[in-house]
Protein chains: 2
Amino acid sequence: MSSIPATKQGRATRERIVRAAAELVGERGASATSLDDVIAATGASKSQLYHYFGDKHGLVQAVVDYQCATVLGLQAHALASVSDWDDLERWAQTMVAIVEDQGAHGGCPIGTLAAALSDTDERLRTSLSEAFQAWSDAIRGALLRLRDNGLISTGADLDALTTITLSAIQGGLLLSKTSRDAGQLRIALDGAIAQLRSGGTVADPTDRAPRPRAARSSTRAPVRSAETRAARPRKKPRR
Amino acid sequence: MSSIPATKQGRATRERIVRAAAELVGERGASATSLDDVIAATGASKSQLYHYFGDKHGLVQAVVDYQCATVLGLQAHALASVSDWDDLERWAQTMVAIVEDQGAHGGCPIGTLAAALSDTDERLRTSLSEAFQAWSDAIRGALLRLRDNGLISTGADLDALTTITLSAIQGGLLLSKTSRDAGQLRIALDGAIAQLRSGGTVADPTDRAPRPRAARSSTRAPVRSAETRAARPRKKPRR
DNA sequence: GCAAGATTGGACTTGACAGTCCAACGAGTG
DNA sequence: CACTCGTTGGACTGTCAAGTCCAATCTTGC
């Protein structure tokens with residue numbers, strides 16, 4: 001079970017299935033996508049699914065890997081050619097334009113999968129986390145180039161700026177897809193870029209008060225949870 | 001069907017079901033949570049579910065409404081008392097602390113639901129969008145107070161800063177839950193706060209080049225999609 | 001206390017889903 | 001050409017899920 005295609009034909013079949021499954025999962029979510037749906041979308045047969053993926057879980061893993069590779073390939077490529085502010089601006093503009101073209105549907109495939117599957121399956125979470133890591137690396141690479149070109153100050157914390165940028169992407173995409181308004185992403189990205197331009201003043205001397213950064217667990221007010229601790233049977237890990 | 005509880009007992013039952021369902025849906029996702037799961041978790045009977053919620057979709061809607069109200073109540077309350085940088089810092093610190101306590105599991109209930117359900121059901125999407133809107137209003141209220149206290153310059157674009165802040169929250173939470181590292185949220189929030197402190201220099205005169213902001217659809221490179229347009233059967237709206 | 005209506009229990013129906021199985025088919029190799 | 005093994009079709013099974021139904025029980029207003 002779960003064998004790697006040995007023939008050209010087999011590889012084509014496997015890929016066809018993964019692509020169709022990726023689309024269905026993106027639209028409906030993993031557990032709302034049945035194998036029969038995938039069969040109907042591809043014209044494949046049950047044996048093919050079980051031959052190439054072992055079981056449904058294997059198919060979902062393949063979908064996750066596929067989406068990570070796809071998004072990452074495109075982002076790495078787009079970011080690799082960023083070496084000044086104009087390039088960065090174009091990169092941002094491209095993302096916004098894509099979201100607009102989709103009517104602000106869907107959002108980031110990785111982000112959507114991460115939100116849904118991170119707490120469901122540890123292996124999937126790891127794959128998705130690695131994808132975000134690779135995405136961060138691509139962003140950091142671009143920032144490094146900007147710094148080398150004298151556009152970002154030497155003292156800037158590139159790691160923090162990278163996280164801030166990726167965070168703006170994901171947050172902006174989520175707000176955009178929820179409100180069906182690509183403008184939210186535009187604003188989030190503008191904010192991130194402004195911060196990059198300002199050199200990432202995370203430690204601003206202006207009038208900052210000493211942070212209670214390590215004063216945890218005493219003054220902490222309840223801001224969420226409410227049902228975090230309750231009697232729960234916890235039966236079935238996934239459907 | 002789908003009746004509002006008329007008695008105290010009925011209200012208690014309904015609430016008990018919604019809370020348990022909210023937790024299960026938060027852990028496994030809506031379509032991976034069966035009514036039998038909810039029944040097992042609450043000790044309720046099938047008739048009760050159908051009596052109070054009409055069908056599964058109604059239950060999910062109730063869960064969404066409940067989570068929106070819960071998160072929003074807490075956030076609105078926490079943000080209402082923010083009137084200087086220290087307050088804001090504490091607010092951020094509180095969120096990070098909560099995420100840490102949860103081992104960076106779960107993330108924001110609204111964000112998770114939005115990622116999963118926005119493209120599934122228009123009504124749910126609207127509810128979630130309204131929740132984000134209300135959250136934005138709470139943030140804007142805090143920023144307004146900061147501005148009134150002279151901590152944010154009068155010229156600052158509070159709407160943009162609000163979106164940037166909420167975007168950082170959501171993006172940071174997503175990255176945190178995926179990497180199981182609350183530090184991601186901490187960095188994202190620090191970035192947002194730094195931007196607020198710097199007065200939200202979205203339009204920085206430094207050396208900005210004219211933006212190709214409306215040059216869409218010509219130079220646009222393919223940065224995602226790949227299977228956005230394909231033959232798809234599209235059978236069943238939800239499971 | 002006593003209807004009237006709200007609430008509850010749980011068996012039952014119907015369909016869909018994941019997963020199994022085996023018999024064919026076909027492509028590559030000697 | 002023949003053999004092998006990767007590949008494919010599709011019927012079949014057992015389980016589980018959503019939704020229905022009706023009778024029993026409890027609450028509340030009078």
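Just so we're on the same page: letters track the sequence lines, and every chain starts at 1.
Residues B/Arg145 and B/Asp87 are not paired through a salt bridge, judged by the lack of any N-O separation under 4.0 Å between the basic side chain and the carboxylate. Using a cut-off of 4.0 Å between Lys/Arg side-chain N and Asp/Glu carboxylate O, A/Asp37 and A/Arg28 are scored as salt-bridged. For B/Arg19 and B/Glu23, the salt-bridge test fails: no basic side-chain N is under 4.0 Å from an acidic carboxylate O.
A/Leu49 has its CG atom 13 Å from the P atom of C/dT20, to the nearest Å. Counting to the nearest Å, the P atom of D/dA17 and the CG atom of B/Leu24 are 12 Å from each other. If you measure from atom OH of A/Tyr50 to atom P of C/dC17, you get 12 Å, rounded to the nearest angstrom. Taking atom CG on A/Asp36 and atom P on C/dA18, their separation rounds to 6 Å, with Å as the unit. As rounded to whole Å, 16 Å separates atom P of D/dG9 from atom CG of A/Leu35.
A/Ser127 is linked by a side chain to side chain donor-acceptor pair (under 3.5 Å) to A/Gln61, counting only residues two or more places apart in sequence or in another chain.
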message: Across nucleotides 5-14 of chain C, 5' to 3', mark each nucleotide with B, S or - according to how protein heavy atoms within less than 4.0 Å reach it.
response: -SBBBB----
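Side chains of A/Gln93 and A/Arg186 form a contact here, defined as non-hydrogen atoms less than 4.5 Å apart. At least one side-chain heavy atom of A/Cys68 sits under 4.5 Å from a side-chain heavy atom of A/Leu128.
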